[in-house]
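Have a look at the structure below, then the notes.
By convention here, the first residue in the shown sequence is residue 1.
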Amino acid sequence: MSASLDSRVNAIRAVALVGPAAAGKTLLLDALLAHAGTLPQAGSIERGSTVSDHDPLEKRLGHSLQSSLAHFTHGGIRVHAIDTPGAPDFVGQALPALEAADTAVVVINAQNGIELMAQRLMTTAGERGLARLIVINKIDAAGVDLPALLAQLREVFGRECLPLNLPADGARRVADCFFAASGEADLSSVADAHRALVEQVVEVDAAFVDRYLTEGDVDPRELHAPLEQALREGHLIPVCFCSAKTGAGIGELLAAIEALMPNPAEGNPPPFLEGKGTEPAPYPVRPDPAAHALAHVFKIVADPYLGKMGVMRVHQGRIAKGGLLYVGHARKPIRVAHLFMLQGARHLEVDEALPGDLCAIAKVDDLAFDAVLHDAQEDEHIFLRPLDFPTPVHGLAISPARRGDEQKLWEVLARLVDEDPCLRIEQTGQDGMHGQQTLVYGLGELHLRLLLERLRELYKGEVLTEPPRIAYRETIAAPAEGHYRHKKQSGGAGQFGEVYLRVEPLARGAGFEFVDAVKGGTIPGPFMPAVEKGVRAALASGVIAGFPLVDLRVVVYDGKHHAVDSKEIAFVTAGRRALIEAVRAARPLVLEPVVQVEITAPEHSIGDITGDLASRRGQVNGTRVAVPGSLIVQGLAPLAELASYQSRLNAMTAGQGRYTLLLSHYDAVPPNTQAALTAAYQGTDEPD
């Protein structure tokens, strides 16, 4: 690798601005861009002039809905920054930004303190091995208690949280505490903060410990290597103070990113894996422009002019305009016709991207979220360890107002789902009594409301919505046997197939197992796939209430065939009917989804909330403090009982409550609910 390329990679920083809504991430990015000279002045949320909130819907609502990229060069350092939305419903946009960054900049609103999203993103960034930098924004706001907030940070996130600078002159500026050994500050002491920082950093290097003990201090300019080690190991989490509104601390924050945060070679290597099967091996990615190219797609954008655009982080090698790349396992390479760096809504064409750069390519239909792009076919089995996304459980049934538009609507929905890993789309009911529905699942009511806004904008037509059917399932509680002989004779060749099978319950979440235990060829091997096809058809449509069957083993142990009349269709029918007979004798149950619910609300509302949850067949597992005056209630409840829960929560908390749901498990419905669902089922079980 040449020295020039080495120095260029060393001069790259990639940061993700993450944290709760209203923390000021968008204005903070604009302030950094303005201070670096990329913008003449910072934009305004009210005027809709910020770089990252460029979508018309974001401008109208006044907050971020999706992640957005910007970059600037200052002091010889190129900084890539990702602004992310802070609402829990849009965590599917925030989490992937952590895959593209070396540093997670967790922004905290000084007025609101430590909120749930800050805790969640701090934890995830730590698990991914990122350097973490906490930025306390809005230090000039009235009534903030910065000493108490700093103490709370250390209590919640650990004593590794140490101030890199401190507010000074009534929060009109900040005082450096790392390079400066003394100075004036509004809280604490610059000298004490400097001593704590140096001691924390030298602890990771025995040689520096000896020097510090002998000499009493160490020049911070000599501590770059141990500082990077402390950041990698989570032994130091620096805290910076600023006000994006007044500009206080912005220059110091920019200097900290440039001088102290890791470049692509200094951070922990990204968790790439290589291989197939259940035990892939770690793959050591090197930020070397001369190596094979490896880039990871962390964002998909359905651009109306450029088609599907993949936004990626280059981790290894060099991507150049005009070059060839493979997408995952694809055998045919794609040509990089255009290579962009994004500046909010603008696409700036570049000739190449190096390790650490964030860039985009467009008009490639094969691109998908989480895809790995590479320039050597032998790298096709390399992938990045997936993020743990929350399961979307809030649903809407969507249909076009105009008949015949179903396919067009599905295509637009699929484009929107491509952009957000926490949206899920499915079509259900084809094989059951309920009729077909297009269902979209998201993380909350706000998530789905914004999806509908974008859908109406892109689809250019009216859509009808209704709450989806709850995703009930069926299972069995006991083993049982079933038998069916299918015989038809209507002149000429007939149909004949006979199947004996046994069903056995499996543990919750185990799925389905099919076992061929036939001996002596009573069902010839070529017909066994037909038996399984019939069994799976019965599983899909359900038996007692029209919902899919899960968590059971089906053992086919005997049957009969006819040398002339046995055909595939006969064994499909016999397998399906034998399964239905066995399930009816196996104490069938209807299962319902049970979700983990986490409710954040004012302390005075907690009694009403816990009582209401109990009335919905829920249980409270515990409470904890969110911020002073606010508690988080954790519990479990059936999803069916939480329809339109936000409205009820608003009534109990005067609009100050919010909640999130995560799928926990499936459990049996109460007997009266099962009786009602079974009675409503109008499926036919007449012989075919």
Side-chain angles (χ1 to χ4, degrees), residues 276-279 426-434 471-488 495-562 565-593 663 665-668 681 683-688:
K276 296 184 288 186
T278 57
E279 295 186 6
E426 64 180 46
Q427 285 182 319
T428 63
Q430 297 95 322
D431 300 316
M433 57 156 283
H434 303 290
Y472 293 109
R473 297 289 183 261
E474 297 178 21
T475 193
I476 58 173
E481 297 193 349
H483 158 248
Y484 191 77
R485 171 185 286 191
H486 179 72
K487 184 176 181 180
K488 278 190 176 181
Q495 295 181 14
F496 181 86
E498 188 168 5
V499 171
Y500 291 84
L501 55 77
R502 180 171 61 253
V503 294
E504 302 166 358
L506 296 177
R508 292 278 191 271
F512 164 64
E513 292 179 15
F514 182 83
V515 179
D516 175 4
V518 172
K519 292 182 172 57
T522 54
I523 300 178
F527 288 126
M528 192 54 70
V531 176
E532 183 174 355
K533 182 178 179 181
V535 165
R536 287 186 178 275
L539 295 177
S541 59
V543 172
I544 61 168
F547 300 103
L549 271 155
V550 296
D551 302 338
L552 74 162
R553 178 184 294 117
V554 177
V555 181
V556 179
Y557 62 88
D558 202 359
K560 291 182 182 177
H561 73 286
H562 187 278
D565 291 345
S566 283
K567 297 178 176 61
E568 183 176 307
I569 184 61
F571 279 100
V572 170
T573 301
R576 186 177 72 84
R577 300 290 302 171
L579 190 281
I580 290 171
E581 180 181 288
V583 167
R584 285 178 172 162
R587 287 172 35 209
L589 296 171
V590 176
L591 305 175
E592 65 180 343
L663 180 65
H665 62 279
Y666 272 81
D667 208 350
Y681 182 48
T684 177
D685 61 358
E686 290 302 310
D688 296 80

### Task
Decide yes or no on side chain to side chain contact (heavy atoms under 4.5 Å, CB included) for Asp516 and Ile523, but give the supporting numbers first.
CA-CA 10 Å; Asp516 175 4; Ile523 300 178; over 6 Å; no
Smallest separation among heavy atoms of [X] and [Y], with atom names:
X      : Y      : answer
Ala471 : Pro593 : O-CD, 3.7 Å
Ala582 : Ala480 : O-CB, 3.4 Å
Pro529 : Pro526 : CD-O, 3.5 Å
Phe547 : Tyr472 : CB-O, 3.5 Å
Ala668 : Glu592 : O-OE2, 4.2 Å
Leu589 : Ala477 : CD1-CB, 4.0 Å

Measuring from atom [atom1] of [X] to atom [atom2] of [Y], what distance do you get when rounded to the nearest 0.5 angstrom?
X      : Y      : atom1 : atom2 : result
Arg473 : Arg508 : CZ    : CZ    : 13.0 Å
Arg584 : Leu579 : CZ    : CG    : 11.0 Å
Ile544 : Ile580 : CD1   : CD1   : 12.5 Å
Glu513 : Arg553 : CD    : CZ    : 4.5 Å
Lys487 : Lys560 : NZ    : NZ    : 10.5 Å
His486 : Lys567 : NE2   : NZ    : 9.5 Å

For [X] and [Y], indicate whether the former's side chain and the latter's backbone hold a donor-acceptor pair under 3.5 Å.
X      : Y      : answer
Asp551 : Gly509 : yes
Ser566 : Gly497 : no
Glu474 : Val543 : yes
Gln495 : Ile569 : no

### Test: Arg577 and Glu581 ion pair at under 4.0 Å
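Salt bridge: no.
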A side-chain contact here means heavy atoms from C-beta on lying under 4.5 Å apart; do [X] and [Y] qualify?
X      : Y      : answer
Phe514 : Met528 : yes
Val531 : Val518 : no
Val535 : Val499 : no
Arg502 : Val515 : no

### Task
For atom CZ of Arg587, decide whether the heavy atoms of other residues, nucleotides or ligands shown that lie under 6.0 angstrom number more than 12.
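No, because the 6.0 Å sphere around CZ of Arg587 holds 12 heavy atoms or fewer from other groups.
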### Message
Within the supplied structure, the quantity of interest is the number of heavy atoms (other residues, nucleotides, ligands) at a distance under 6.0 Å from Glu481 CD; does it exceed 12?
### Response
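Yes, the 6.0 Å shell around CD holds more than 12 heavy atoms from other groups.
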### Derivation and outcome, side chain to side chain contact (heavy atoms under 4.5 Å, CB included), residues Val554 and Phe512
CA-CA 8 Å; Val554 177; Phe512 164 64; 3.6 Å; yes
### Query
Looking at Tyr484, Phe527, Phe496, which hits ring pair (Phe, Tyr, Trp, His ring centres under 6.0 Å) with Phe571?
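That would be Phe527; it is the only one of Tyr484, Phe527, Phe496 passing the ring pair (Phe, Tyr, Trp, His ring centres under 6.0 Å) with Phe571.
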### Task
Please work out which of the three classes, parallel, tilted or perpendicular, describes the rings of Tyr500 and His483, given edges at 30° and 60°.
parallel
### Task
Test Leu591 against every option in Leu549, Val550, Asp667 by the side-chain contact (heavy atoms from CB on, under 4.5 Å) rule and name the one that passes.
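Testing Leu591 for a side-chain contact (heavy atoms from CB on, under 4.5 Å) against Leu549, Val550, Asp667 leaves exactly one candidate, Val550.
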